[in-house]
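Everything below concerns the one structure shown next.
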Amino acid sequence: LEAELMTAIAEADTPEKIEDVRVKALGKQGAITALLKSLGGMSPEERQSEGPKIHGLREGVTSAIAERKTGLERAVLDAKLAAETLDMTLPAPAFPQGSVHPVSQVMDELAEIFADMGFSVATGPEIEDDWHNFTALNIPETHPARAMHDTFYFPDKRDGKDMLLRTHTSPVQIRTMTSQEPPIRIIAPGRVYRSDSDATHTPMFHQIEGLVIDKGIHLGHLKWTLETFLKAFFERDDIVLRLRPSYFPFTEPSVEIDVGYSIEKGRRVIGGSEGWMEVLGSGMVHRRVIEACGLDPDEWQGFAFGTGVDRLAMLKYGMDDLRAFFDGDLRWLKHYGFSA
Ligand code: PHE
């Protein structure tokens with residue numbers, strides 16, 4: 001039996017065949033297993049003489065099988081390694097790449113430009129309360145400006161307060177003045193909401209707010225800051241500003257900022273003064289607003305401004321339909337998006 005098994009082991013040339021041999025010799029019905037079982041029926045003397053031989057046979061066969069099996073498995077692996085090649089010089093498959101949305105791009109540009117002028121970025125919640133969005137900004141309950149804002153209100157109160165989606169980034173002025181000691185120089189970009197929808201209005205859009213509070217601040221500071229910003233943003237030196245008297249409840253005086261444009265290749269481009277385009281709302285912070293935030297308006301003055309980020313993006317990068325900004329159309333994103 002031993003010679004027979006050893007031949008079978010030597011002749012087995014695949015891991016599967018060696019497994020067959022193992023089952024036939026050492027499996028439940030195997031030849032060696034049967035021999036081991038036969039020990040039970042032997043006399044003590046017979047067992048004494050046969051036992052060691054059978055156990056010796058089992059050990060010899062077991063190790064021969066194990067050795068042959070390892071050898072065969074290595075051969076299989078070697079063959080596989082030889083057959084399979086990995087070409088490290090092949091270019092990797094193209095991975096779909098996203099792009100930076102123009103709104104994100106413009107917000108980054110704005111943050112960078114204002115950082116150079118010493119402004120930091122402030123944020124506030126999109127779900128606001130009535131006090132921050134209106135009352136503290138000198139827009140009392142009965143004020144017609146509340147109706148002008150097409151506010152989305154929430155059906156439920158929070159902590160007993162009426163909640164709403166902020167209609168502008170101006171509440172961040174209040175949040176900053178009530179949490180930070182002046183002097184203050186911040187910009188606050190973010191989402192705002194109004195119940196309005198057509199080619200130039202979407203119910204959600206983006207604004208950026210600016211606020212400076214310090215001593216002896218006047219309109220000249222406001223004009224210089226906005227002129228410097230617009231020159232940097234539109235990357236042109238021939239930017240002309242026109243300050244037009246206006247009205248916002250939270251600024252006094254209020255000025256609308258128009259910027260001159262010219263016609264190049266049939267398109268309006270910012271720069272020059274062939275026509276005027278309104279780009280920002282601004283003014284000196286109303287003393288009632290400064291007071292509402294717990295500051296003394298005789299000690300602290302400042303200016304504030306606000307404008308649409310989406311609008312700035314359209315003016316700089318030439319899109320003409322605001323709604324496309326938020327459609328998530330990959331072709332649009334690919335065309336107008338920026339690489340990261
Ligand atoms: N909050 C105003 C708006 O949404 C813009 C603005 C901001 C005007 C700050 C003046 C000062 O139209």
Side-chain angles (χ1 to χ4, degrees), residues 1-109 111-112 115 121 123 125-127 189-191 204 206 317 324-340:
L1 178 64
E2 182 170 10
E4 195 185 303
L5 283 172
M6 288 306 179
T7 314
I9 291 167
E11 281 173 356
D13 54 3
T14 65
E16 293 75 30
K17 283 185 192 160
I18 198 80
E19 177 61 12
D20 276 351
V21 177
R22 192 192 65 77
V23 171
K24 278 185 189 130
L26 302 160
K28 258 188 197 160
Q29 318 286 338
I32 295 177
T33 311
L35 282 176
L36 284 166
K37 279 185 193 153
S38 73
L39 281 172
M42 289 178 190
S43 68
E45 297 77 40
E46 263 184 313
R47 200 180 300 149
Q48 274 240 324
S49 71
E50 291 304 308
K53 285 193 230 162
I54 298 174
H55 281 290
L57 174 64
R58 190 188 62 170
E59 265 153 47
V61 169
T62 304
S63 66
I65 288 176
E67 204 175 297
R68 181 80 180 135
K69 195 175 172 194
T70 316
L72 287 172
E73 281 170 351
R74 174 150 326 125
V76 169
L77 184 62
D78 285 346
K80 205 172 167 187
L81 286 174
E84 286 176 7
T85 55
L86 195 58
D87 185 350
M88 304 294 280
T89 67
L90 279 176
F95 202 80
Q97 268 234 298
S99 61
V100 176
H101 194 283
V103 171
S104 305
Q105 168 73 21
V106 166
M107 281 184 176
D108 289 349
E109 291 175 16
E112 209 170 296
V121 173
T123 56
E126 288 169 33
I127 298 175
R191 294 192 177 106
M204 183 284 298
H206 300 85
Y317 296 112
F325 274 63
F326 311 119
D327 283 346
D329 184 326
L330 286 177
R331 291 163 303 176
W332 189 91
L333 291 168
K334 208 172 169 152
H335 183 78
Y336 288 111
F338 294 81
S339 55

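Count residues from 1 along the sequence.
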Which atom names give the shortest non-hydrogen contact between [X] and [Y], and what distance separates them?
| X | Y | value |
| --- | --- | --- |
| Y317 | Y336 | O-CE2, 3.9 Å |
| G27 | T33 | O-OG1, 2.6 Å |
| V100 | S104 | CG1-CB, 3.8 Å |
| G190 | M107 | N-CE, 3.8 Å |
| R47 | P52 | O-CD, 3.9 Å |

What distance do [X] atom [atom1] and [Y] atom [atom2] have between them, rounded to the nearest 0.5 Å?
| X | Y | atom1 | atom2 | result |
| --- | --- | --- | --- | --- |
| E19 | L72 | CD | CG | 12.0 Å |
| L57 | L26 | CG | CG | 8.5 Å |
| I9 | E11 | CD1 | CD | 11.0 Å |

(message) Checking D13 against I18 for the side-chain contact (heavy atoms from CB on, under 4.5 Å) test, could you report, in this order, the C-alpha distance in whole Å, the side-chain angles of both residues, the deciding distance, and whether it holds?
(response) CA-CA 7 Å; D13 54 3; I18 198 80; over 6 Å; no

Any side-chain heavy atom of [X] sitting closer than 4.5 Å to one from [Y]?
| X | Y | result |
| --- | --- | --- |
| I32 | L5 | yes |
| P189 | V121 | yes |
| L81 | L77 | yes |
| M42 | S38 | yes |
| L39 | I54 | yes |

(request) Give the C-alpha distance, both sets of side-chain angles, the deciding distance and a yes or no for side-chain contact (heavy atoms from CB on, under 4.5 Å) between F325 and V103. (result) CA-CA 8 Å; F325 274 63; V103 171; 3.6 Å; yes

(message) Using 30° and 60° as the class boundaries, would you call the ring planes of H206 and F326 parallel, tilted or perpendicular?
(response) tilted

(message) Show every side-chain hydrogen bond (donor to acceptor under 3.5 Å, both in side chains) that has at least one partner inside residues 50-77, sequence neighbours left out.
(response) E50-K53

Ignoring hydrogens and angles, tell me if any N or O in the side chain of [X] forms a donor-acceptor pair with the backbone of [Y] under 3.5 Å.
| X | Y | value |
| --- | --- | --- |
| S99 | K334 | no |
| D329 | R331 | yes |
| T7 | A3 | yes |

